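Reading through the structure tokens given below for one structure.
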There are 2 protein chains.
Amino acid sequence: MAEREGPRPGGRSARVQASVHRAARDLLARMDRAEVTIPLIAAEAGVTPSTIYRRWGELNELLADVAVERLRPDMEPVETGSGRGDLLAWAEQYAEEMSSGIGREMIRDVLAAEGAAGPRRCCGYARQQIAVIAGRAEARGEVFPDIDTILDGVIAPILFRILFDEALGLERVGSLVAGVFATVERRAA
Amino acid sequence: MAEREGPRPGGRSARVQASVHRAARDLLARMDRAEVTIPLIAAEAGVTPSTIYRRWGELNELLADVAVERLRPDMEPVETGSGRGDLLAWAEQYAEEMSSGIGREMIRDVLAAEGAAGPRRCCGYARQQIAVIAGRAEARGEVFPDIDTILDGVIAPILFRILFDEALGLERVGSLVAGVFATVERRAA
DNA sequence: CTCCAAACGCAAAGAATTTGCTTTTAGCGC
DNA sequence: GCGCTAAAAGCAAATTCTTTGCGTTTGGAG
């Protein structure tokens, strides 16, 4: 589906990356995020710290890398029979995953890294999933909101509240979905 | 207006905090963000590093502290004659400030810190400013959207795009404002 | 099979962080 | 005013993390 960014699979480089990623995930699960250091991860992964420093530069970059990978959706949105139902189900699950403690931390890790590549990829993941739902809706001949409208009207508030305020409850997520549909349906009429 | 959180003004503690904040701001303006370290800030501020370590713990916390302070609005939203005009003007300025390089960095600094206190305060700043606009509109007897509606419908997309995608242009900000007004006006009719 | 470039390990040097102890300072009761 | 006290800062040693030079290993290409 998407092309890998790293080195060819199977090489030494790929093995090291995999074991470092796994070590980081394990340590994050086992101890407080503030206690995790590069030397620790290196020891857990069975490599020397300098290897990690040379590849990732600093802890934030590595953790961001790990977080982006964990944030990648591992399945297609469930089908409920209608585009609106699909979107609601997917958005509710998205909101729940993201507002969990671990989800919140992953978002922060992604945002804390240097460039904008990580956040963009995460945005791309959401866009992709919504595109799948939109495609199915279109195939059924339904009216369905523009993807950017959904990003602004549903995803943005969910993430904004998680990051800056307090996570939205499921019923508020439902209202957001209702909102983007109300606008598009009114426009279609 | 709001009570200070720090120690009493005028004490030694307050002087140290002020000089450290100023030193951090100066250094951030003068050099790359990745080059700024606690020992550097300490030297610039004329204190020992251990003072900073004891008070803030780590660089992120200090920078978040500085960023939150810089993000605090320093004036009331300008008056344009209508609530909608006020909101549009304020939102456009907000979007511009936040999407500038320095604004983006400050947001990231705030989000990178440990607790949720910093982000909440930033959200509170926006809420406060919007409340001022809403109050003026109400005094004129206008229909005006709920503050949370504006947070979700205008602020959230602005920040979401800055953080995860690409900053919105001014005309898109205008669309967002139009959107929340369309909904509330339709409801009022 | 041999060579090459990329990536890793090792270890020393350099920088940041932590910590115990001492000294300073601002506020408080007398 | 005058000490007294608790909080905060300075200092310096110990620890931990980060950077870097150099030799070695490894996987792939010719």
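Nothing here was measured: the structure is a model prediction, and the numbers come from that model. Labels below follow one simple rule: chain letters A, B, ... track the order of the sequence lines, proteins then strands, and each chain is numbered from 1.
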Can you tell me how far P of D:dA9 sits from CH2 of B:W56, to the nearest Å? 8 Å
Whole-Å distance, A:I38 CD1 to C:dC8 P, equals 14 Å
Any donor-acceptor pair under 3.5 Å joining the side chain of B:S50 to the base of D:dC11? yes
Round to the nearest Å and state the distance from B:R54 atom CZ to C:dT22 atom C1'. 11 Å
Are B:T37 and C:dA16 close enough that a side-chain N or O sits under 4.0 Å from OP1 or OP2? yes
Separation of B:R12 atom CZ from D:dG10 atom P, in whole Å? 8 Å
Taking 4.0 angstrom as the limit, do A:E44 and A:R30 come out as a salt bridge? yes
CG of B:L62 versus P of C:dA16: gap in Å, rounded? 15 Å
On the nucleotide C:dC8, are OP1 or OP2 found under 4.0 Å from the side-chain N or O atoms that A:R55 carries? yes
Does the A:R120 side chain pair with the main chain of B:D165, one donor and one acceptor, at a distance under 3.5 Å? yes
Can you establish whether the number of heavy atoms outside A:E166 located under 6.0 Å from its atom CD is more than 12? no
Is there a donor-acceptor pair closer than 3.5 Å between any side-chain N or O of A:R55 and the backbone N or O of A:S13? yes
A:E35 CD - C:dT18 C1' separation (whole Å): 13 Å
Under the side-chain contact (heavy atoms from CB on, under 4.5 Å) rule, collect the residues that match up with A:E61, sequence neighbours excluded. A:W56, A:E58, A:A113, A:E114
Measure from CD1 on B:I52 to P on D:dA8 and round the result to the nearest Å. 15 Å
Do any side-chain nitrogens or oxygens of B:R15 fall under 4.0 Å of OP1 or OP2 in C:dA26? yes
If the cut-off is 4.0 Å, is B:T51 near the phosphate of D:dA9, judged by side-chain N/O to OP1 or OP2? no
Out of C:dA7, D:dA9, D:dC17, minimum distance to the side chain of A:S13 belongs to C:dA7
Distance check needed: C:dA6 P versus A:Q17 CD, whole Å only. 18 Å
